[in-house]
K.L.:
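Okay, handing you the structure first.
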Amino acid sequence: MTNNENFSVDNIQLDQENKEFLKAIKLVEHTGQIIYLTGKAGTGKTTFLKYLRKTTKKKIAIVAPTGVAAINAKGVTIHSFFKIPFSPFSPNDQRLCRKSLIINQETGEKSANIYDTFRYNEDRLKIMRELELLVIDEISMVRCDLLDVIDNLLRTFRNKHYIPFGGVQVVLIGDTFQLPPVVMNNEWKILSQFYKTPFFFSAKIVEEAIRVNQWGHIELKKIYRQNEKEFIGLLNRIRINQMDSSDFKILKQKHEPTFNAKENENYIYLASHNAIVNSTNLTKLNSLTSELFEFHANITGQFPDNRKPSEDLLKLKEGAQVMFIKNDTGESKRYYNGKIAKIVSLSNDEIIAEFDDSEKSQITVERAEWENIEYRWNKELKKIEEVVLGTFEQFPIKLAWAITVHKSQGLTFEKVYADLANCFSSGQVYVALSRCTTFSGLKLKTEIPPSAIITDPRVMEFAKTKTPDTLIDNFLNSGMADRKYEEARNALNAGSFGIAFEKLQEALKLRNDLNTDTFKRYIIVYLNRIKGSTSPIQYKKLQKRILENKALKLSLDLQNDEIIAQKEENEFLAQSNKELKIKNEEFKEHINYLHSEANNLYDKIDEQYRKIKELENLKWYQRFKK
């Protein structure tokens, strides 16, 4: 990582002490590993995504399961990027097969295959084929079959059927202890025949990645949202459903059914159902006697309703409680996504909001702009570009006396008044309570019964698959070694033997492949190709260059101890011209021998490459073979 000591996102300075965060960044930079990045609420998962988006040199696309999540991540929805129909898919679904089946013998009618179901224009195909990094945000809400569809599409349209995700590195960001995927009963009736759970970790591609050791499960541990140890401990016990009687007594102390927040206290009401939230906000707005003002959004181009972050028509009154729905992009960082304020002054073209801080600071709210983007391939620059299809401009606030738990995921509040007795979904109570920055800022309208705290046992089991630190280090070393071997190979092909040797040295420090049979065979094949494509005069000159080159000298040491008797580098370079000529003749004879041997081995090696199906059998030189 370079020059990132002063980098910050969302007012959080990049923490050089956060080992998990830094390792995850390095895994993306130096490997092609599939990564699942998780962590408790407030551990910086969103910060990680923003940092990655800003710093990665890979060709990246960011997708999310919902429109709002996609806008917040500055990406697009999964369904729009891959043009996936809204229906369940079985692992052996004919719509994902490359060949059609005859479904009517009399008419010869054939079933739809993957090329019939998914039709992409040239630009979209180019993007998919050039893509290097795919980030899926809010992965906890992604259904298992959807991840398998993505895997099938990338394998097929990148023409790399034997590699997970067709060779695209995939980073999954989210927390399975938070909100789960939405699965209708009729959908699960179909999917349950093929999948253990609706969660993404039951996807066949995830099971395969874990099995072949291409899965990096990293958990961010440092919590930035809360700093009270007791509150953090309570939230963690709620998260994993290990509360005892004393925990419920502590929560009961927060039960204030008749609580009526003072006008300047800026509490937000969290509820489990939309009907409660909508009714609360409308009732509160209508109860204000001040004048009603309406602010219309400015929309350009294409901006679908399900992606709009706010209302087309924003209705406000002085005294209304609002929530900011976007981070302040200015230098002062006056507000963040989820910060509560009160409207203190309104006119047709101005909104002034006041924060509930010690200074009662006020700001003039300015309009903000959201972009609806699409990924396109730039033929001239040969890169993936974000093309803005439309914009949505509106004041970045919304009425916020109440909000649903579902829409609060990812937000941060200083004061929360929660109605959670009727929570019906796994992780809802945890998501709601963990929005609050302090325990003192939390109040409960209803007591939280044990039945409302739901943690799926399958999520608990999956959480145990966290990748050990030692294995993460191995992934990093192997990935960096692959990169150095690739650079050495490219330098070798260009005739830059000195650079090739330096890169080979760097690779060997990370992972020594010199004693492997596959490395030896690669050198044999490479030398055979050199001889076959070089004139006798050029070949003689090349022989001398090879003998004087340290990198290939080391390789030839492994092939024939009689040619070079494993002498030290300084001894070899100090040989007399006479000895060098003798060695040159011996080398020539040995090359002839290698040439005959290589002819026999080459076809076998080539056949071996094609038969390799599992990712764990792929060797470093195969990954970079052109």
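The figures that follow rest on heavy atoms only: side chains count, while hydrogens, waters and symmetry mates do not.
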K.L.:
Would the number of heavy atoms belonging to other residues, nucleotides or ligands and lying under 6.0 Å from NZ of K443 be above 12?
P.N.:
yes
K.L.:
Going by the side chain to side chain contact (heavy atoms under 4.5 Å, CB included) test, name the single residue among T364, I363, I397 that passes it with I351.
P.N.:
I397
K.L.:
Under the side-chain contact (heavy atoms from CB on, under 4.5 Å) criterion, do I218 and F48 qualify, and how do the steps go?
P.N.:
CA-CA 12 Å; I218 299 179; F48 177 89; over 6 Å; no
K.L.:
Would you say NZ of K317 has more than 12 non-hydrogen atoms from neighbouring residues, nucleotides or ligands within 6.0 angstrom?
P.N.:
yes
K.L.:
Please name the pair of heavy atoms, one in D151 and one in F165, separated by the smallest distance, quoted to 0.1 Å.
P.N.:
OD1-N, 2.7 Å
K.L.:
May I ask you to test the V365-V322 pair for a side-chain heavy-atom distance under 4.5 Å?
P.N.:
no
K.L.:
Check the pair Y36, F200 against ring-ring contact (aromatic ring centres under 6.0 Å, His included), reporting the backbone distance first and the verdict last.
P.N.:
CA-CA 11 Å; Y36 169 49; F200 78 92; 5.2 Å; yes
K.L.:
Looking at E414, is its backbone amide N or carbonyl O close enough to the side chain of K339 to form a donor-acceptor pair, meaning the two atoms are under 3.5 Å apart?
P.N.:
no
K.L.:
To check you understand the geometry: which heavy-atom pair defines the closest contact between S451 and I454, and what is its length?
P.N.:
O-CG1, 3.5 Å
K.L.:
Atom CD1 in I62, atom CD1 in I173: separation rounded to 0.5 Å?
P.N.:
8.0 Å
K.L.:
Does a side-chain heavy-atom distance below 4.5 Å link I238 with M243?
P.N.:
yes
K.L.:
Are R239 and N236 side-chain neighbours, meaning at least one heavy-atom pair lies under 4.5 Å?
P.N.:
yes
K.L.:
Are the side chains of K50 and T46 in contact, using a 4.5 Å heavy-atom criterion?
P.N.:
yes
K.L.:
Can you tell me if Q169 uses its side chain to pair, donor with acceptor, with the backbone of T31 under 3.5 Å?
P.N.:
yes
K.L.:
Would S140 and D175 satisfy side chain to side chain donor-acceptor pair (under 3.5 Å), going step by step from the backbone distance to the final call?
P.N.:
CA-CA 6 Å; S140 71; D175 180 11; over 6 Å; no
K.L.:
Quick check for you: to the nearest 0.5 Å, what is the distance between H255 atom NE2 and L444 atom CG?
P.N.:
7.5 Å
K.L.:
I want to check a possible cation-pi pair here: K326 against F395, using under 6.0 Å from ring centre and within 45° of the ring axis as the test.
P.N.:
no
K.L.:
List the steps, then state whether side-chain contact (heavy atoms from CB on, under 4.5 Å) holds for L146 with H79.
P.N.:
CA-CA 9 Å; L146 187 56; H79 287 86; 3.9 Å; yes
K.L.:
Check whether E20 reaches the backbone of L220 with its side chain - one donor and one acceptor, N or O, closer than 3.5 Å.
P.N.:
no
K.L.:
Backbone N or O of V431 within a donor-acceptor pair of the S434 side chain at under 3.5 Å?
P.N.:
yes
K.L.:
For residues F475 and W215, report the shortest heavy-atom separation together with the two atoms involved.
P.N.:
CE1-O, 3.7 Å
K.L.:
Tell me whether D247 contacts the main-chain N or O of D244 through its side chain, where contact means a donor paired with an acceptor under 3.5 Å.
P.N.:
yes
K.L.:
Search all heavy atoms of T404 against all heavy atoms of L270 and return the closest pair with its distance.
P.N.:
O-CD2, 4.3 Å
K.L.:
I want to check something: taking the side chain as every heavy atom from C-beta on, are F248 and E447 in contact at a cut-off of under 4.5 Å?
P.N.:
no
K.L.:
Donor-acceptor check, side chain of N372 to backbone of Q302, threshold 3.5 angstrom: yes or no?
P.N.:
yes
K.L.:
For the atom pair OG1 (T197) and CD (E461), what is the distance rounded to the nearest 0.5 Å?
P.N.:
11.5 Å
K.L.:
With no hydrogens and no angle check, is any side-chain donor or acceptor of Q321 less than 3.5 Å from a backbone partner on A400?
P.N.:
yes
K.L.:
With a 4.5 Å limit on heavy-atom distance, are the side chains of P198 and L191 in contact?
P.N.:
no
K.L.:
Mind checking the CG-NZ spacing from N18 to K221? Nearest 0.5 Å is all I need.
P.N.:
10.0 Å
K.L.:
May I ask you to check whether over 12 heavy atoms, not counting those of K466, lie within 6.0 Å of atom NZ?
P.N.:
yes
K.L.:
Passes salt bridge (charged side-chain N to carboxylate O under 4.0 Å, His left out), E29 versus K58? Steps please.
P.N.:
CA-CA 8 Å; E29 287 181 348; K58 295 183 177 181; over 6 Å; no
K.L.:
Please check this pair: side chain of S279 against backbone of A275, looking for a donor-acceptor N/O pair closer than 3.5 Å.
P.N.:
no
K.L.:
Is the side chain of D419 donor-acceptor paired with the backbone N or O of A271 at a distance under 3.5 Å, no angle test?
P.N.:
no
K.L.:
So, for F413 and S408, which heavy atoms are closest and what is the spacing to 0.1 Å?
P.N.:
CE1-CB, 4.1 Å
K.L.:
Taking atom CD of Q253 and atom CG of L442, what is their separation to the nearest 0.5 Å?
P.N.:
11.5 Å
K.L.:
Take F462 and F199 through the ring-ring contact (aromatic ring centres under 6.0 Å, His included) test and state the conclusion after the steps.
P.N.:
CA-CA 10 Å; F462 174 67; F199 293 95; 8.8 Å; no
K.L.:
Give a yes-or-no answer on whether the side chains of N298 and T300 include a donor-acceptor pair shorter than 3.5 Å.
P.N.:
no
K.L.:
Is it true that D137 and K45 have a side-chain N and a carboxylate O under 4.0 angstrom from each other?
P.N.:
no
K.L.:
Could you state the interatomic distance from NZ (K40) to CD (Q178), rounded to the nearest 0.5 Å?
P.N.:
11.5 Å
K.L.:
Under 4.5 Å between any side-chain heavy atoms of Y195 and R143, yes or no?
P.N.:
no
K.L.:
Mind checking whether Y417 and K415 have side chains closer than 4.5 Å, heavy atoms only?
P.N.:
no
K.L.:
Could you walk me through whether F177 and M460 pass side-chain contact (heavy atoms from CB on, under 4.5 Å), step by step?
P.N.:
CA-CA 8 Å; F177 285 95; M460 294 285 294; 3.5 Å; yes
K.L.:
F231 vs F439 aromatic rings, parallel, tilted or perpendicular, using cut-offs 30° and 60°?
P.N.:
tilted
K.L.:
Counting only heavy atoms not in E366 (residues, nucleotides, ligands), do more than 12 fall under 6.0 Å from its CD?
P.N.:
no
K.L.:
Looking at every heavy atom in both I299 and K308, which two are closest together, and how far apart are they?
P.N.:
CD1-NZ, 3.8 Å
K.L.:
Please assess M141 against V182 for the test side-chain contact (heavy atoms from CB on, under 4.5 Å), listing each intermediate value before the final yes or no.
P.N.:
CA-CA 7 Å; M141 295 191 287; V182 177; over 6 Å; no
